[in-house]
Amino acid sequence: MDLISEEEFSRNLSIVKSRVIEAAERTGRDAQKVRIMTVTKTFPGSAVELAWGQGLRLFGENRVQEAADKYSNLPDDIELHLIGHLQRNKARLAAATFSCVQSIDKLETASALEKHLDSMNTEKKLDILLEVNTSGEESKFGIHTKEELFKLAEQILAQTRLNIRGLMTVGPFTGDRDEIRRAFVWLADLYRQTGERYPGLAMDILSMGMSADFEIAVEEGSSMLRLGTALFGQRP
Ligand SMILES: *Cc1c(COP(=O)(O)O)cnc(C)c1O
């Protein structure tokens with residue numbers, strides 16, 4: 001597969017950045033508070049090098065094994081997050097590979113990560129985000145209600161190796177901009193409420209917005225955009 005050229009990537013990145021700035025300005029936000037994650041799933045390792053060469057340092061992958069292979073001998077100033085669903089049998093490799101797992105929606109997976117970190121002879125702590133299903137689409141993962149979210153947050157608070165840093169969602173796949181906005185407004189509200197209810201948590205990452213909807217996400221308070229196709233073009 002042919003990866004796009006450095007020039008094209010650089011042009012895509014500056015377009016994304018100016019769209020982020022414009023969306024932030026529309027709502028009086030500081031665009032500096034919005035981090036851009038480069039999503040490299042299905043792209044080769046050279047995609048990581050391309051983005052790294054343009055100054056990007058935050059990366060996302062949605063499969064554990066693919067990420068472990070792709071990122072095994074790349075610069076260690078990279079911050080790598082798991083953004084796809086985590087299966088319990090991949091928890092050990094995930095704990096070793098990522099600095100943050102954004103897709104926690106069950107106590108079992110959180111406990112599996114904690115257990116493996118305990119057994120790994122390391123002081124490592126893992127950041128996690130709780131994934132909320134804001135679209136109601138059955139095919140998507142994530143917690144469905146505020147009550148479930150608070151319950152899971154409380155259970156994970158008891159675990160010493162996991163730091164809850166915020167919330168993540170995959171917005172509805174629809175052309176209806178209002179529906180997407182409602183999903184992001186709801187997540188931002190849950191994020192604020194969770195922070196207020198558990199002041200001990202750092203709660204500083206609101207991960208929402210992908211290539212098709214990132215401007216709405218910025219307008220509604222996102223602090224982390226997860227972008228693949230907006231940067232690299234269509235996935236192979
Ligand atoms: C693939 C993926 C992205 C990036 O999607 P694009 O539409 O290519 O920007 C973001 N978040 C998650 C969870 C993904 O799986």
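A quick note: this is a predicted structure, and the numbers were derived from the prediction, not measured. For reference, positions follow the sequence shown, starting with 1. When a ligand or atom number is given, it counts from 1 through the structure's own listing order. What's counted below: heavy atoms across the whole structure, side chains too, no hydrogens, waters or symmetry copies.
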Could you tell me if Lys70 sits above the aromatic ring of Phe43, with its cationic atom closer than 6.0 Å to the ring centre and no more than 45 degrees from the axis?
no
Using a threshold of 4.0 angstrom between heavy atoms of the protein and any atom of ligand 1, which residues qualify?
Val39, Lys41, Asn62, Ile83, Val170, Met210, Ser211, Arg226, Leu227, Gly228, Thr229, Arg235
Between Arg88 and Glu108, does at least one N-O distance fall below 4.0 Å, as a salt bridge requires?
no
Is the number of heavy atoms from other residues, nucleotides or ligands within 6.0 Å of CD (Glu196) greater than 12?
yes
Please say whether more than 12 non-hydrogen atoms of neighbouring residues, nucleotides or ligands are located less than 6.0 Å from CD in Glu6.
no
Heavy-atom closest pair, residues Leu113 and Ala94
CD2-CB, 4.2 Å
Is the backbone N or O of Val218 less than 3.5 Å from a side-chain atom of Arg29, with the two atoms forming a donor-acceptor pair by type?
yes
